[in-house]
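Just below is one structure, and these are the notes that go with it.
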Number of protein chains: 2
Amino acid sequence: MNFQKRKQKIMEQLDRTGEVDIKELAAELDISEITARRDLNQLANDGLLYRTHGGAMKVDPLAKPHDFVNKAAQNANVKDSICRRAVEHINDGDIIFMDCGSTVFRLCQFIKHKKIKVITNSLPVIYELQNCSVSINIIGGEFNNERQATHGKIANEHIARYRAGKAFLGVDGISAHGLFANSELEAEITLMYIHQSAYTYVLCDDSKVGKETYLKFADINQVEAIITNADDQKLAGFKDTALTILQVV
Amino acid sequence: MNFQKRKQKIMEQLDRTGEVDIKELAAELDISEITARRDLNQLANDGLLYRTHGGAMKVDPLAKPHDFVNKAAQNANVKDSICRRAVEHINDGDIIFMDCGSTVFRLCQFIKHKKIKVITNSLPVIYELQNCSVSINIIGGEFNNERQATHGKIANEHIARYRAGKAFLGVDGISAHGLFANSELEAEITLMYIHQSAYTYVLCDDSKVGKETYLKFADINQVEAIITNADDQKLAGFKDTALTILQVV
DNA sequence: TTTAATTTGATCAAAATTAATCATAATTGA
DNA sequence: TCAATTATGATTAATTTTGATCAAATTAAA
């Protein structure tokens, strides 16, 4: 068993239990204690763990990987049917905005083979659209780990530099009174996308329709269309607005 | 059994078990140990595997963009020792630029647990530094799939908005006459990083030192330090410059 | 505080792996 | 065909890795 392999095992156990003991380690890996000690010293030297007397501890117990994909997988069927409707409105040559919503993310799989330009602040979208015919423009700025996207002043300014024909955006709530968000950062960047695109599609499942939550950041007449699985009853409130409603089963 | 066929078998087993042993390999393929060793060295040189004592291991299968990972795996030992020296100059609270060089990429593993702010145009760097104590700022702009990074006018403007204490950059060539790049896009963004940082470290292995290739984009006195494994003879040309030379074994 | 137990780093030695050198076999291209 | 290049193998020296011993440092206990 070479160092690389031992390193792997040590980091594995460290990840699992948070600590390792030199004696145990030497026994488990069938190496002498001094070799175990040397291994730990080397890893500590690279900042991969904290050396303690008789063992080592994990460096950053706080890091919590946020699983974006899980959120995107919720209600996958509903989201996919919304996206199938959305993709009917996307043609080769289009320049489109995509934000960091989990429904918008699922749009990626349907546009991979289109010859379009996508401008986005969502890292998962960027990843999904790599190595395909879509050309990508990344919105820069401070990266928010929870949302897996960039936000803030610089990101907004960056969007302001571009114009796109269409924007595909998610919201936390929508009603005849306007669009709602759970955070200011999210609200601002969505608003900027709306400003800089000729035609805005709001993608949202029925749970968001009629919901007026936290912060209203735009009037309903600022966007052109909504694509949703909400039923007629939920959508009735929009009948006095100019909003184009694209309803999916 | 020729090299191509052996290479196939080696990569096959590597894919299956994650590792190979020189003795076993020699026995299985019915070749001498030294030939097995030469095979592994050649494959390691192409970044297709990591060489270990007595065998080899698979390169990180999780990282998506294969070309980039392979490039980063080439000369991994040299790059890592360069990075270990670099990390000595990075302290908690620092704000640093990192470009999209393959050596610079390997710096990530050594700074994951530092409390610093990283501004970068490299997608692999972003991906590597997610979910750790490093806060990330993404340089926006058009995404170049080959380089796995953003470049161009908007990216340059974006960098111009920021100031950082230190920049860690790669180059395609460096001599007493200046810094050299293989493309204008690369040159421009590197130059912008240099302008916007108080202190610039150039990270490069010995193959880049003394090389004057394609496009000169900066004088040598525009950067402060070079971290390299080049020997005294190769570095002799810099003795009349103010460049700080950080030499690694 | 002092004492005992444990852990550690340094030094050296043994084992394993590797690089270097040279010789031989196989392949290639004229 | 033959010379030249390339691939392979054997040998040996150098390097790396590992382990053992022991004094010094650290921790825990009295």
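Note that this is a predicted model, so its numbers are computed, not measured. Numbers restart at 1 for each chain; the letters A, B, ... are given by sequence-line order, proteins then strands.
- Note on the helix from dT1(C)-dA30(D) to dA30(C)-dT1(D): terminal axis deviation equals 40°, with five pairs used at each end and the result rounded to 10°.
- Taking side-chain N and O atoms only, Arg51(A) has a distance below 4.0 Å to OP1 or OP2 of dT8(C).
- In this structure Lys115(A) satisfies the salt bridge (charged side-chain N to carboxylate O under 4.0 Å, His left out) test with no other residue, sequence neighbours excluded.
- Under a cut-off of 6.0 angstrom, the local environment of NZ in Lys9(A) is sparse, with at most 12 non-hydrogen atoms contributed by other residues, nucleotides or ligands.
- Partners of Glu212(B) under the side-chain hydrogen bond (donor to acceptor under 3.5 Å, both in side chains) rule, at least two apart in sequence or in another chain, are Ser175(B), His177(B).
- With sequence neighbours excluded, no residue forms a salt bridge (charged side-chain N to carboxylate O under 4.0 Å, His left out) with Glu12(B).
- Residue Lys5(B) contributes atom NZ, which lies 18 Å from atom C1' of dA7(D) at whole-angstrom precision.
- Comment: Arg106(A) engages Asp80(A) in a salt bridge, judged by a side-chain N to carboxylate O separation of less than 4.0 angstrom.
- For the side-chain hydrogen bond (donor to acceptor under 3.5 Å, both in side chains) condition, the pairs that include at least one residue of residues 18-31 of chain B, sequence neighbours left out, are Lys5(A)-Glu19(B).
- Less than 4.0 Å separates DNA chain D from at least one heavy atom of each of the following residues of residues 34-41 of chain A: Ile34(A), Thr35(A), Arg38(A).
- You'll find the ring centres of Phe97(B) and Tyr162(B) outside the 6.0 Å limit.
- With no hydrogens or angles considered, a side-chain donor-acceptor pair links Ser102(A) and Lys79(A) at under 3.5 Å.
- A salt bridge does not link Lys153(B) with Glu188(B): none of the charged nitrogens is closer than 4.0 Å to a carboxylate oxygen.
- The stretch residues 232-241 of chain B participates, sequence neighbours left out, in these side-chain hydrogen bond (donor to acceptor under 3.5 Å, both in side chains) pairs: Asp232(B)-Gln247(B).
- Note on residues 195-224 of chain B: pairs passing ring-ring contact (aromatic ring centres under 6.0 Å, His included), not counting sequence neighbours, are His89(B)-Tyr201(B), Phe168(B)-Tyr201(B), Tyr199(B)-Tyr201(B).
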Would you be so kind as to tabulate the donor-acceptor pairs closer than 3.5 Å made by side chains of residues 36-49 of chain A, with sequence neighbours excluded?
| from | atom 1 | to | atom 2 | distance (Å) |
| --- | --- | --- | --- | --- |
| Asp39(A) | OD1 | Arg6(A) | NH2 | 3.0 |
| Asp39(A) | OD2 | Arg6(A) | NE | 2.5 |
| Asp39(A) | OD2 | Arg6(A) | NH2 | 3.2 |
| Asn41(A) | OD1 | Arg51(A) | NE | 2.7 |
| Asp46(A) | OD1 | Arg84(B) | NE | 2.6 |
| Asp46(A) | OD2 | Arg84(B) | NE | 3.3 |
| Asp46(A) | OD2 | Arg84(B) | NH2 | 3.0 |

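- Taking a 4.0 Å limit (strictly below) on heavy-atom distances, residues 22-32 of chain B reaches DNA chain D at Ile31(B), Ser32(B).
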Could you list the protein-to-nucleotides 24-30 of chain D atom pairs, N/O on both sides, closer than 3.5 Å?
| from | atom 1 | to | atom 2 | distance (Å) |
| --- | --- | --- | --- | --- |
| dT26(D) | O3' | His53(A) | NE2 | 3.0 |

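- For the pair Lys117(B) and Asp94(B), the salt-bridge criterion is not met [side-chain N within less than 4.0 Å of a carboxylate O].
- Atom CD in Glu33(B) sits about 13 Å away from atom P in dA19(C), given to the nearest Å.
- Proximity of residues 8-17 of chain B to DNA chain C (heavy atom under 4.0 angstrom from any strand atom) is not detected for any residue.
- The CG atom of Asn2(A) sits 13 Å away from the C1' atom of dA16(C) (whole-angstrom rounding).
- Salt bridge status for Arg161(B) with Glu157(B): absent, with no side-chain N to carboxylate O gap under 4.0 Å.
- Residue Met1(A) qualifies as enclosed at atom CE: its count of foreign heavy atoms under 6.0 Å is above 12.
- Rounded to an integer number of Å, the gap from CZ of Phe3(A) to C1' of dA16(C) is 18 Å.
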